[in-house]
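When a residue number appears, it is its place in the shown sequence, counting from 1. Just so you know, ligand 1 is whichever comes first in the structure, and atom 1 is the first atom listed for that ligand.
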Amino acid sequence: MVEKGLLPSRFLFYLVTISMFLLILSSVFLLEFRNTSIIPTSVFKLFLVNSSSADIKPNVRSEQTTLPLIPSGNTQINSERSMRSGRLGCQVTNSSREIYSFGKQRNIVCDASQALLRVFMYDLPPEFHFGLVGWKGKVNQTWPNVDNPSRIPSYPGGLNLQHSIEYWLTLDLLSSNTPNVVRPCTVIRVKNSSLADVIFVPFFSSLSYNRHSKLHLKEKVSLNQILQENLVKFLKGQEEWKRLGGKDHLIIAHHPNSMLDARSKLGSAMFVLADFGRYPGDIANLGKDIIAPYRHLVRTIPNRESAPFHKRPILAYFQGAIYRKDGGIIRQELFYLLKDEKDIHFTFGSIRANGIKSAGQGMSSSKFCLNIAGDTPSSNRLFDAIASHCVPVIISDQIELPFEDVLDYSEFCLFVRGSDAVKKGYVLKLLRGIKQDKWTRMWEKLREIAHHFEYQYPSKPGDAVDMIWEEVSRKISSIRFKLHRNNRYSRSQFRLQNDSSS
Ligand SMILES: *[C@@H]1O[C@H](CO)[C@@H](O)[C@H](O)[C@H]1NC(C)=O
Ligand SMILES: *[C@@H]1O[C@H](CO)[C@@H](O)[C@H](O)[C@H]1NC(C)=O
Ligand SMILES: *[C@@H]1O[C@H](CO)[C@@H](O)[C@H](O)[C@H]1NC(C)=O
Ligand SMILES: *[C@@H]1O[C@H](CO)[C@@H](O)[C@H](O)[C@H]1NC(C)=O
Ligand SMILES: *[C@@H]1O[C@H](CO)[C@@H](O)[C@H](O)[C@H]1NC(C)=O
């Protein structure tokens, strides 16, 4: 009887041991062959993202010596990226051991087949781009050498800088072919346009407007107009443009008045804009175009210097011009409503270059920064506020915000309808009603997301350049979706290919 009872329990013991052994063996096996198709790469990348995120400091900017592999401390963006099945790992594909080598800077050539976006850039003559910033290359040299970040041609300073998006994106494309520049592999420039997802038009349209739209002596047309005319002629003659009637072309027109002459002729392309204020809806709209942040003018406040609630004596800060048009009425009304409050800074006059420093100091000493619609729905003031970690109060019903598909602005901004803002006591009551803990939550979120609005060279994961490329990639995929649906029946395909106007 005793032996009879012993046998099954020993048997059970062996059975459990053997199955545990098999279990462990199979998981080791699965891990060993993680690069084969046994586990979908997206699952593996998810695992990687999570397990490695513990090694990442929240502030990307503070760790310049480490390889910027993972976009940022922003979990929202991380999961967004990892959902897109593994694009994140573009630098990791050849050897996944690379991901464990944090702390060592490495020069990694991005692999075009793994990049999120492959971009073809026209080799337009320098007069369309770096020639406008005063760069002169050797005979027949189209592009400056960008392998030394301290020796790239610089963009004119002052207020020009707010619309310098064209410059940062072009530099990033150039650097994607420069092996010793470490940057995210989100986008890569390809030399064969048949392999490209997007065709980039390297025209510095905002600078062209800012610098060359005034007529000089004897001139009948401005240089800005001539460049736009030539650009339209050039594009309409390209095979790349004819392919999809320009729908896969990316044109930067960040200054609201840039591309004024050419925009309707090139309206089928994707634009990178500040807002839609001065565009008819058929030429620019959220369906195809991208809103990019202004480059902020005030200094970025490092997180460790950012003043908390009780060290920001000013309740609300506003500095700007009065316009007679639309939004200007709200500015005036608000001025009369708020001017007698001691802890509110409200002055008129646009900030000139020398006033930028004082504006920066004012914003970083304020709890709230007002962004009131002017003659356009957007302005660089919002991005100055974000760089100062001053909670933006957005009073601009028509505003469009950059990257709003991945950022929830209500976490770090207050929105007030124009009709409410002009009610007596409304804004004041709202701001005074936000106590330290609520304000601090918004401020902490600001500190977390501020790096998404930084333009820099070389680009870093999750910065403004990187975010714009990701936005382009999402947009182009929905544009292609529409194109492909239209192609379902050969008749409509026939019509589409011949019709470049819509
Ligand atoms: C990562 O792990 C945390 C817990 O450590 C979990 O809450 C989160 O959902 C995981 N995220 C992903 C993307 O797997
Ligand atoms: C990846 O590996 C393949 C072959 O192993 C090689 O041809 C290719 O150049 C490598 N790519 C990178 C980006 O190192
Ligand atoms: C520059 O380009 C022109 C036209 O393509 C060519 O004739 C000329 O030889 C080139 N000059 C140099 C220095 O490469
Ligand atoms: C560009 O790519 C296409 C498609 O792969 C190929 O047919 C063509 O030969 C390539 N052109 C050049 C110049 O390499
Ligand atoms: C459409 O385009 C094709 C090829 O480019 C051309 O042969 C055809 O004549 C065009 N049809 C019309 C109606 O324009």
Side-chain angles (χ1 to χ4, degrees), residues 41 84-87 89-91 93-94 108-148 151-153 169-179 181 185-204 208 223 226-227 229-251 268-270 469 472-473 475-488 490 493-494 496-498 500:
T41 42
R84 283 187 280 98
S85 72
R87 296 295 192 168
C90 67
Q91 290 162 311
T93 47
N94 253 13
I108 294 169
V109 180
C110 296
D111 181 352
S113 67
Q114 296 295 324
L116 181 58
L117 206 58
R118 288 172 296 265
V119 179
F120 173 81
M121 175 160 72
Y122 288 119
D123 287 318
L124 285 174
E127 61 186 20
F128 286 96
H129 44 85
F130 285 96
L132 289 167
V133 310
W135 173 78
K136 280 197 189 71
K138 299 201 183 80
V139 184
N140 290 359
Q141 186 181 350
T142 306
W143 299 110
N145 189 348
V146 296
D147 60 0
N148 184 346
R151 288 169 64 189
I152 52 171
L169 293 181
T170 308
L171 279 178
D172 189 49
L173 283 178
L174 293 174
S175 72
S176 80
N177 305 123
T178 309
V181 176
C185 286
T186 312
V187 66
I188 192 158
R189 176 183 171 211
V190 293
K191 303 283 171 64
N192 181 343
S193 63
S194 320
L195 306 175
D197 307 305
V198 174
I199 314 287
F200 185 83
V201 180
F203 173 41
F204 288 4
S208 173
L223 178 60
I226 293 171
L227 286 174
E229 270 168 36
N230 291 345
L231 184 69
V232 172
K233 253 184 260 164
F234 170 83
L235 287 176
K236 299 271 166 135
Q238 299 303 304
E239 283 311 312
E240 286 82 5
W241 182 275
K242 291 177 194 163
R243 230 159 37 194
L244 296 174
K247 285 192 171 75
D248 57 352
H249 279 51
L250 190 67
I251 296 175
S268 54
M270 306 164 71
W469 291 131
V472 171
S473 137
K475 216 56 115 178
I476 198 77
S477 110
S478 79
I479 288 171
R480 283 192 190 281
F481 176 79
K482 279 184 213 138
L483 276 168
H484 294 168
R485 276 183 75 87
N486 283 342
N487 283 351
R488 281 181 179 185
S490 51
Q493 182 177 22
F494 184 70
L496 240 172
Q497 282 177 344
N498 284 15
S500 59

Practice prompt. May I ask you to say whether E240 pairs ionically with R243, meaning some side-chain N is under 4.0 Å from a carboxylate O?
Written response: no

Worksheet entry | side-chain contact (heavy atoms from CB on, under 4.5 Å) evaluation trace for E127 with L223 | CA-CA 10 Å; E127 61 186 20; L223 178 60; over 6 Å; no

Worksheet entry | Between F130 and F128, ring centroids under 6.0 Å | no

Worksheet, complete the sentence: Which of I476, V201, D248 passes side-chain contact (heavy atoms from CB on, under 4.5 Å) with M270? Answer is I476

Discussion item. According to salt bridge (charged side-chain N to carboxylate O under 4.0 Å, His left out), does anything in residues 189-201 pair up with another residue at least two apart or in another chain? List the pairs.
Written reply: R118-D197, D123-R189

Worksheet item: Does a donor on one side chain sit under 3.5 Å from an acceptor on the other, for H129 and Y122?
Response: no

Contacts table for ligand 3: protein N or O within a distance under 3.5 Å of ligand N or O, distances only.
{"residue": "ligand 3", "atom": "2 (O)", "partner": "N140", "partner atom": "OD1", "Å": "3.2"}
{"residue": "ligand 3", "atom": "2 (O)", "partner": "N140", "partner atom": "ND2", "Å": "2.2"}
{"residue": "ligand 3", "atom": "11 (N)", "partner": "N140", "partner atom": "ND2", "Å": "2.9"}
{"residue": "ligand 3", "atom": "14 (O)", "partner": "N140", "partner atom": "ND2", "Å": "3.3"}

